[in-house]
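Quick notes on the structure that follows.
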Amino acid sequence: MSPRRTETGGRIDRLRTIRFTFDGAPYTGHAGDTLASALLANGVTLFGRSFKYHRPRGLLAAGVEEPNALVTVLRGDVREPNIAATMVEIYDGLVAVSQNRTPSLAWDIGAVNQLGGKILSAGFYYKTFMGPVIGPLKGTRFWMFCEHFIRRAAGLGKAGTAPDPARYERMNAFCDVLVVGSGPAGLMAAKAAADQGARVILADLEANFGGSANWSGETIDGMPAADWAQRMVGQLEGNDNVRLLPRTTVWGYYDGNTLAALERVTDHKEVAATGEPRQRYWAIRAGTVVLATGSFERPLVFPGNDRPGVMLAHAAERYANEYGVLPGQRIALFTNNDSAYRSAVALKKAGAAVVAIIDVRGDVSNEMRRLASDAEAELLAGHAVIATEGGKALSGLKVQRFDAMSGALTGDERSIHADSLLMSGGWSPTIHLASQAGAKAEWDPARQAFLPPKPTQRWIGAGAFTGSFSTAEAIAEGRAAGLQAAGGAVSSAPLPVVEAAPGDPNPAPVFEIKAKGKSFVDFQHDVTAEDVRLAHREGFVSVEHLKRYTTLGMATDQGKNSNVPGLAIMAEALGKPIPEVGTTRFRPPYTAVSIGSLAAERFGDLKPERLTPMHDWHIANGARMYSAGLWYRPMIYGLPGETVEQAYVREARATRERAGIVDVSTLGKIAVQGPDATEFLDRVYTNMFSTLAVGKARYGLMLREDGLAFDDGTTWRLGEQEFLMTTTTANAGKVMQHLEYFLDVIWPELKVTVTSVTDEWAGAAIGGPNARAILAACVTGTAVDNATLPFMGIVHGRIAGVPVMICRLSFSGEMAFEVYSGAGYGTRVWEALIEAGKAFGLVTYGLEALGTMRIEKGHVTGAEIDGRTTARDLHLDWMLSKKKPFIGSAMMDREGLIASDRLQLVGVVALDNRPLNGGGHIVEELDEANPHDSLGHITACCYSPALGKYIALALLKGGKARHGTRAFVSDPLRNRFGPVEIVSNHFYDPDGSRMHG
């Protein structure tokens, strides 16, 4: 028998022995054990070292809220750090190691940090490593010297470098009701909703459904609560409209009732079955969400509260009742509420000696006194723990009389011999997901806790999540929530009968015992009560500033244990009630999420792959693809034996001589709608859009607020209050953010909506002398002659029976048209255009030819609109309206932006008939040995089939004044030097006669 394993009890399978190692030492446990329960059963009390002081730490909790016992799990060469031992299910061959210690957990040289005292208080590195102000290390040099060592000391677990061979999956799920949490409230909610015929998903982060029913020791409907829970699960399993997701953490609540979840499919297995992923990422879109996520017991803040052997009372009760493991042989309890008395009785029944219950309240009810008697524990009412004793394990504690009203300690100290101290500082509802969904938590003075906010999305709370801590309340609220979520009527059927220990859930408003010694608020980050008061003294009194200055409630803790005690201490320092101080907003993820699960099937990709509707056609027809921004686009449609240059020259020449077609589906497309749409566009663009007629398009330029060029594109007026804005491919997301920011923050009074419709439209640009004839051959429902479709005109018709929208505009410099259809019909329209173009010599061309023709024409793209250029630099000052203000107009005439020596757009021609390179510098005097005095740089280059020369666009000092002069290209990295001529950026058809036709 293991040192702390009870002879009977628990829900483990004692007939199955499992072998594993921790820090290289072999141990055994049973099926159903976690790593935490199995090690505790083997007498292990030391689980880790604290972040800053490297203090010895043991188990504090039994679930996901565990802050101390973080371990690294090894699978071959793959390391997964910072996993709570309480959430690791043991399996044969499990290898786990402790963290943040050198050379070993028992003997850690980092423990010398405990001698640092106040030097290592909150923010110590800001104050300590920013000097000295004299000598060779003055200013930031000293910090840079120290930074290397600080970074090595930072963090907890060590990330691995070996490739992860595991497979991950992503799933999308839709349901009428998502129930998060499978305690009594969650089970009742799922059952009630399922009985109404709703499609239900029930998710719980634990391996076994049932929540507190698995360890509460209560009776429901005349049977043990754990058996009742399993009966409920069995009933749910028999329903076709119910999906059960154990080991699944719902970690994010997003707009539109979309929730993110992580299912640990095989983390608990030695070997995964064929086809099983390691983890599965779920995107769940729910009609209504029932949040039955329970609550967390809070620690009390007193000197030595972090010593191994000090644990939360409910955690000890869970270890005894669910795993058959005692936290110690001689147990004391320290509490400010009634729930600890039930834990005392449970531990007594499990075989432990409960030596004392220390209660800060002087007035303890007769019912609690009876429970203390049942536990055969000495009751010390009106007392507090002021210190703990021991090294790597608890050996005793000291208590003293305590006045809960004043917080004063009086009388003589008394020592109590105990190897386990259980504390209970009240309960905090697990409101993380509700907080993520929006709105501010509400303080309940009776519960001394933050309760969920009023819903801003379609969710309903039930059970301890709402502050209803009894099982009977949880069952009633769960059924009501399930019925409401499924649209059912209120039921008058009798509820399950619960037999439970009595108790008042409201704690005394006591969070800290002020005595000599370090009292920890955040165990994971070594944040003490004095650190919180130091933050107050130094002005970090906002809860968000407190969090960041002290690191209170950050990382995996997310405020699960430390949030309310830390806020209470700050409130006392400020002399304000806790609700005025407020609480931080919880943000996703609720628990750590592996990057592998987020990448899933895209594992190994550096970024998402976006494919146009015609992607498969391009591949089937010989296109060589490459990544352009986030999109895969054709580079060339090469013939056998052709080089890239030969291919794009052929494609560009054929387009200028006959006709060419290119996929432009990737252009950003934003629908701008509303009564104030014209006013909005006038403010966004530098030129006027309110004068644009319906059925016409206009080229527009946007500036940033600082007056620099941001993006260009065409915007089409489809109706009096409806526009379609197009943007450059690379800037589509940035422009959308830009527009939303100004509508939401700067001009909320404007009645305008903007919607990204990039993925809704497939686009093809067809250009060249024969372009109009090709359209005429396949378009029905409209004419495409010059009168019907003039330059920048828009018509609606059909191609191959598909509704299309056609605008006559050009990026290539030829007469050209952009044809848009619904994305699902993109390939059909594309193929119809190609079929119609066969008689006219139509070719498909890729980005290389497109870039060649735009360079010949002198059009700008992101290479020139690089965040440093102005409209004047790019010769687009003709687009700067003098009749209206616009974004950037107040800043565009700053002295530095109109200086005569700014870089301006020019054309460059290679006089030695050799290729030019982007990034190459232009100089007046060539000095290959010592390149210097750059005049500017090349932004884009190509071989021009129209000119028969190698040409480029460049940004050059005083560029326009240099037209007709000669200079040199200096590119030492690629050993390219040679003479060039500076010319206008409009190499080809400068008057636009070909484009206008």
Practice prompt. Look at atom CD1 of Ile595 and say whether more than 12 heavy atoms of other residues, nucleotides or ligands are closer to it than 6.0 Å.
Written response: no

Fill in: CG-SG distance between Leu718 and Cys807, expressed to the nearest 0.5 angstrom
9.5 Å

Worksheet item: Are side-chain heavy atoms of Trp716 and Leu809 found at a separation under 4.5 Å?
Response: yes

Worksheet, complete the sentence: Correct closest heavy-atom pair for Ala967 and Val923 would be CB-O, 3.4 Å

Practice prompt. Ignoring hydrogens and angles, state whether a donor on the side chain of Asp711 or Thr727 is under 3.5 Å from an acceptor on the partner side chain.
Written response: no

Item to complete: Please collect all salt bridge (Lys or Arg N to Asp or Glu O under 4.0 Å) contacts where either partner lies in residues 624-636, sequence neighbours excluded, each pair once.
Response: none

Item to complete: For Phe723, check ring pair (Phe, Tyr, Trp, His ring centres under 6.0 Å) against everything at least two apart and list the hits.
Response: none

Worksheet item: Counting only heavy atoms not in Tyr825, do more than 12 sit closer than 6.0 Å to its OH atom?
Response: no

Discussion item. Is there a side chain to side chain contact (heavy atoms under 4.5 Å, CB included) between Leu953 and Leu905? Walk through the geometry before answering.
Written reply: CA-CA 7 Å; Leu953 296 178; Leu905 183 64; 4.1 Å; yes

Worksheet item: Please walk me through it: do Arg704 and His738 pass side chain to side chain contact (heavy atoms under 4.5 Å, CB included)?
Response: CA-CA 9 Å; Arg704 301 189 320 211; His738 181 73; 5.8 Å; no

Worksheet, complete the sentence: Output for pair (Leu611 CG, Ser665 OG), nearest 0.5 Å, gives 11.5 Å

Worksheet item: Cut-off 3.5 Å, side chains only: do Tyr637 and Glu642 have a donor facing an acceptor?
Response: no

Item to complete: Decide side chain to side chain contact (heavy atoms under 4.5 Å, CB included) for Val860 and Asn985; before the verdict, give the C-alpha distance in whole Å, the side-chain angles of both, and the deciding distance to 0.1 Å.
Response: CA-CA 10 Å; Val860 295; Asn985 57 299; 5.9 Å; no

Worksheet item: Can we say Asp912 and Arg976 salt-bridge, meaning some charged N sits less than 4.0 Å from an Asp/Glu carboxylate O?
Response: yes

Worksheet item: Does one side chain, of Tyr685 or Thr715, offer a donor that lies under 3.5 Å from an acceptor on the other?
Response: yes

Worksheet item: For the side chain of Arg167 and the backbone of Gly275, is there at least one donor-acceptor N/O pair under 3.5 Å apart?
Response: yes

Worksheet item: By salt bridge (charged side-chain N to carboxylate O under 4.0 Å, His left out), which residues pair with Asp759, not counting sequence neighbours?
Response: Arg610

Item to complete: Would you name the heavy atoms of Ala764 and Ile661 that are closest together and state the gap between them?
Response: CB-CD1, 4.1 Å

Worksheet entry | Salt-bridge criterion met for Arg962 and Glu924 (N-O under 4.0 Å) | yes

Worksheet item: Any idea which heavy atoms bring Asp712 and Ile865 closest together, and the distance?
Response: OD1-CD1, 3.9 Å

Item to complete: Count the heavy atoms of every other residue, nucleotide or ligand shown that sit under 6.0 Å from CZ of Arg966, and state whether that count exceeds 12.
Response: no

Worksheet item: Can you list every pair that meets salt bridge (Lys or Arg N to Asp or Glu O under 4.0 Å) and has a residue in residues 868-879, with sequence neighbours left out?
Response: Asp866-Arg868, Arg872-Asp893, Asp873-Arg902

Worksheet item: For the atom pair CD (Glu760) and OG (Ser821), what is the distance rounded to the nearest 0.5 Å?
Response: 11.5 Å

Worksheet item: Where does the angle between the aromatic ring planes of Tyr943 and Tyr950 fall among parallel (under 30°), tilted (30 to 60°) and perpendicular (over 60°)?
Response: perpendicular

Worksheet entry | Of Glu856, Lys857, Glu814, the residue whose pairing with Tyr988 passes side-chain hydrogen bond (donor to acceptor under 3.5 Å, both in side chains) | Glu814

Item to complete: For residues 815-832, pull every pair meeting salt bridge (Lys or Arg N to Asp or Glu O under 4.0 Å), keeping only residues two or more places apart or in separate chains.
Response: none

Response to the item:
Note: Gly763 and Met614 closest approach over all heavy atoms is O-CE, 3.5 Å

Worksheet item: Any side-chain donor-acceptor pair under 3.5 Å between Gln279 and Ser594?
Response: yes

Item to complete: Test Val754 against Phe742 for side chain to side chain contact (heavy atoms under 4.5 Å, CB included), laying out the working first.
Response: CA-CA 11 Å; Val754 291; Phe742 277 91; over 6 Å; no

Item to complete: Please check if atom NZ in Lys949 has more than 12 non-hydrogen atoms from other residues, nucleotides or ligands closer than 6.0 Å.
Response: no

Item to complete: For Asp971, check salt bridge (charged side-chain N to carboxylate O under 4.0 Å, His left out) against everything at least two apart and list the hits.
Response: Arg974

Practice prompt. Grab the two heavy atoms, one from Gly948 and one from Asn913, that are nearest each other, plus how far apart they are.
Written response: O-OD1, 4.5 Å

